Amino acid sequence: MSAIRPASDGVDSPFPAARLPPTPPAVPTNFIRQIIDEDNRSQKWAGRVHTRFPPEPNGYLHIGHAKSICLNFGLARDYGGRFNLRFDDTNPTKEEVEYVEAIKRDVKWLGADFEGPHGGGVFWASDYFERMYEWAVELIRKGMAYVCDLPAEEMSRQRGAPTRPGVESPFRGRPVEENLGLFRRMREGEFPDGARTLRAKIDMASPNLNLRDPVMYRILHATHHNTGDQWSIYPMYDWAHGLEDSIEGITHSICTLEFENHRPLYDWFINAINQGRTADGSGPWGQRIHHPQQIEFARLVLNYTVMGKRKMLELVREGHVRGWDDPRMATVAGFRRRGYTPEAIRAFAEETGATKFNAVVDLGRLENALRDDLNRRAPRRMGVLRPLKVVIENWPAGRVEMVECVNNPEDPAAGTRRVPFSGALYIERDDFMEDPPKKFFRLSPGREVRLRYAYLVTCTGVEKDAQGNILAVRCAYDPATTGGNAPDGRKVKATLHWVSAEHAARAEVRLFDRLFTHETPDRADADFRTFLNPDSLEVVREAMLEPSLAEASPEERYQFERLGYFCVDPDSKAGAPVYNRSVTLKDTWAKGGEGGGA
RNA sequence: UGGGGAUUGGUGUAACGGUAGCACGACUGACUCUGACUCAGUUAGUCUAGGUUCGAAUCCUAGAUCCCCAACCA
């Protein structure tokens, strides 16, 4: 049977080694890479590296999953190995096909191409049910598993406590033949849900609770999205997971810290199957099966966010956000809609590393990774969020000039574009102060500033209504400063972005802030919802953007100069674009002194 | 009170008995047609107490603190 491979480990992958040469380690090392290096040195797996990402299809992927995906795929890629996407679909009562496609899409979007040169493909735990069943029968035959009739509460009671040993089930000594018959009848659906379980016979006194005769199978009369009504028993995680890894020839089975206590069980099950088996398959039980190594690392924890499935679901259900892909959500879909790039998320995953320490990573790190990526790549545009009218007094009536603007100073190849300039403009309200503090060096009465790529202008006056609200600012431009250059070499302290009023494209712009006001809403005393940030979403209904921004397709990303990076939202309609602010630019003015800032 | 993990500047992460380094942040300054970017510099750390050693973040002993474990979830 092809499923059973010798334990000589390594040579026995169902997949040929990837042909691509290993890429040099351009990334920082971590303890997992050290383990792999050592394994390669000792030829433990004959140089193979085969990882996997094993989501249960019961929810959307979040940034923590993204990190795990990047880790696992990165290892496969860097060591010339393979990466499997495997759906751990062992619980039909919780899983839905709807999530399967979403997960595939997210994993692929992140760049972990499970079908590419380093991809092993898509796998399903449910495809292995028959083999798992056979192995379970084998454990019964070996006297290592038994059918238990205890109800759940009773079993729980008998499991004992950390400081107190459990008591052995009265069914523990059930004869092999009886177990075999009962287990077969469980499979055939003869018993109602919860009536019996198959348990491993390990040690009810073990200080590790996981080893106190854990359940391998429970009865569940549920329709499985993949196997339909074929099964009425379903394997438990601990029993199933190592077998899935084994079948796929996984070498390094990477999971999070809370599974550390499960590793002895992971190993116990595979060793139990291998008991009596031999490398060459001689003997009554056949060939040994592959025994992967489980390695645990600390899950990603980001401050000001929640990542638990239940909590995220509540945010969606209770309408605190607009859905799983709300740009404020820490889901992969949310970050994508927000305007994050896979490159930024991957860089973030690498930067934060892999350790066994429960760290809390600052959200700022993620934002920084995005800025870093987009600064190099995003085309620049001009857009005004809170418009303040500017009238150029000495501008020839009706004249429109096309000024040439650089698309990306970081990338000369991005070229230039032409933007209309006229005597009636909008600038940012924050860029004008009638009575400025010392360190404010934007526009104010009597002061000269540059309008980006256009002209130097000097403020000559302010128009106000009866209440004293500023309606418009009057300026005079210097015709000799075409393109924003002063022929006499005179300097101005500030350069402002602007949009010609009559040419402006109206757009909705959504500004996001952190969803929570508490650093760790998860760990706080009060319910996490009490820390929801009431100002996490601000909608600017009528932003004024340069004409080229009138039409754009979803996921196009731009830097609005001096404001931040913006991304077209799928809510956009023809003539009614919607932009999401992915992240602001760093702003040392807003941050600092003199009561300044936007 | 049992078992399993962990602990290095504000944050994250290196070091594997031999100069505690890097990144982010913060702060200075330079540059600048984005108060961005870039560049230069500054700041600040080995949980505690003993011990071994010429030499300890690293090895030993004791302690402190934090995380995980008593679903027929994963």
Side-chain angles (χ1 to χ4, degrees), chain A residues 28-30 34 54-56 58 88 90-91 93-95 148 150-153 155-166 193-199 206-212 214-220 233-234 236-238 240-241 255-264 296 298 303 309 351-362 364-365 367-369 371-372 375-376 380 382 405-406 409-410 439-442 449-454 456 481 483-486 491-497 559-564 584-592 596-597:
Chain A
T29 186
N30 60 47
Q34 290 182 357
E56 183 187 18
N58 71 345
D88 202 5
T90 58
N91 187 348
T93 65
K94 293 195 169 179
E95 296 150 11
C148 182
L150 253 23
E153 321 79 66
M155 192 186 296
S156 169
R157 206 169 305 128
Q158 294 194 0
R159 185 151 25 236
T163 54
R164 178 168 40 84
D193 286 3
R196 293 178 218 267
T197 57
L198 183 73
R199 299 176 72 181
S206 172
N208 181 344
L209 286 310
N210 295 123
L211 264 19
R212 321 249 263 222
V215 172
M216 296 165 66
Y217 280 92
R218 77 284 213 183
I219 298 173
L220 238 40
I233 55 173
Y234 290 91
M236 299 288 292
Y237 169 86
D238 285 308
H241 204 86
C255 61
T256 45
L257 248 31
E258 68 269 29
F259 290 103
E260 230 158 7
N261 293 331
H262 295 244
R263 192 181 347 123
E296 311 85 14
N303 61 9
K309 259 173 197 163
E351 282 166 18
T352 49
T355 66
K356 292 174 88 80
F357 176 64
N358 282 299
V360 178
V361 179
D362 197 308
R365 295 293 290 256
E367 295 181 337
N368 224 67
R371 290 190 187 103
D372 206 48
N375 174 51
R376 284 186 299 255
R380 316 285 130 125
M382 289 193 288
C405 302
V406 174
E410 304 287 323
K439 285 191 178 163
F440 181 89
F441 48 80
R442 276 111 95 150
V449 299
R450 174 170 28 241
L451 295 178
R452 184 110 158 125
Y453 299 125
L456 263 39
T481 57
N485 304 302
K491 302 274 188 206
V492 292
K493 286 279 279 182
T495 298
L496 310 186
H497 60 278
Q559 181 195 107
F560 289 5
E561 295 213 33
R562 304 208 303 135
L563 296 179
T584 61
L585 253 31
K586 278 209 281 190
D587 187 348
T588 47
W589 163 249
K591 195 172 59 186

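We use all heavy atoms of the structure for the numbers below, so side chains are in, but hydrogens, waters and symmetry mates are not. Remember, it's a predicted structure, so these values are computed and weren't measured experimentally.
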When you compare [N] with [M], how far apart are their [atom1] atoms, in angstrom units rounded to a whole number?
N: B:G17; M: B:C54; atom1: C1'; answer: 12 Å
N: B:A40; M: B:C24; atom1: P; answer: 11 Å
N: B:U46; M: B:U34; atom1: C1'; answer: 42 Å
N: B:G51; M: B:A26; atom1: P; answer: 43 Å
N: B:G5; M: B:G12; atom1: P; answer: 22 Å
N: B:C60; M: B:G18; atom1: P; answer: 15 Å
N: B:U58; M: B:U52; atom1: P; answer: 15 Å

Counting heavy atoms from C-beta on, name the nucleotide in [options] closest to the side chain of [X].
X: A:A359; options: B:C27, B:U13, B:U11; answer: B:U13
X: A:P162; options: B:G35, B:A70, B:A74; answer: B:A70
X: A:P207; options: B:C27, B:G2, B:A6; answer: B:G2
X: A:E561; options: B:G35, B:U13, B:U34; answer: B:U34

Just by distance, no angles: are the side chains of A:N91 and A:T93 close enough, under 3.5 Å, to form a donor-acceptor pair?
yes
Applying a 4.0 Å non-hydrogen cut-off, can you work out what [X] is touching in the nucleic acid: base, sugar-phosphate, or nothing?
X: A:N261; result: base
X: A:R159; result: sugar-phosphate
X: A:T93; result: nothing
X: A:Y234; result: nothing
X: A:Y217; result: nothing
X: A:M236; result: sugar-phosphate
X: A:N30; result: sugar-phosphate

Test for a donor-acceptor pair under 3.5 Å between the base of B:U34 and the side chain of A:Q559, counting only N and O atoms.
yes
Taking NZ, NE, NH1 and NH2 as the nitrogens, is one of them in A:E296 or A:R263 under 4.0 Å from a carboxylate oxygen of the other?
yes
Establish, yes or no, whether a centroid distance under 6.0 Å links the rings of A:F440 and A:W589.
yes
Any idea if B:A64 is syn or anti, going by the 90°-from-0 cut?
anti
Stacking check A:Y237 vs B:A74 (5.5 Å / 30 deg):
no
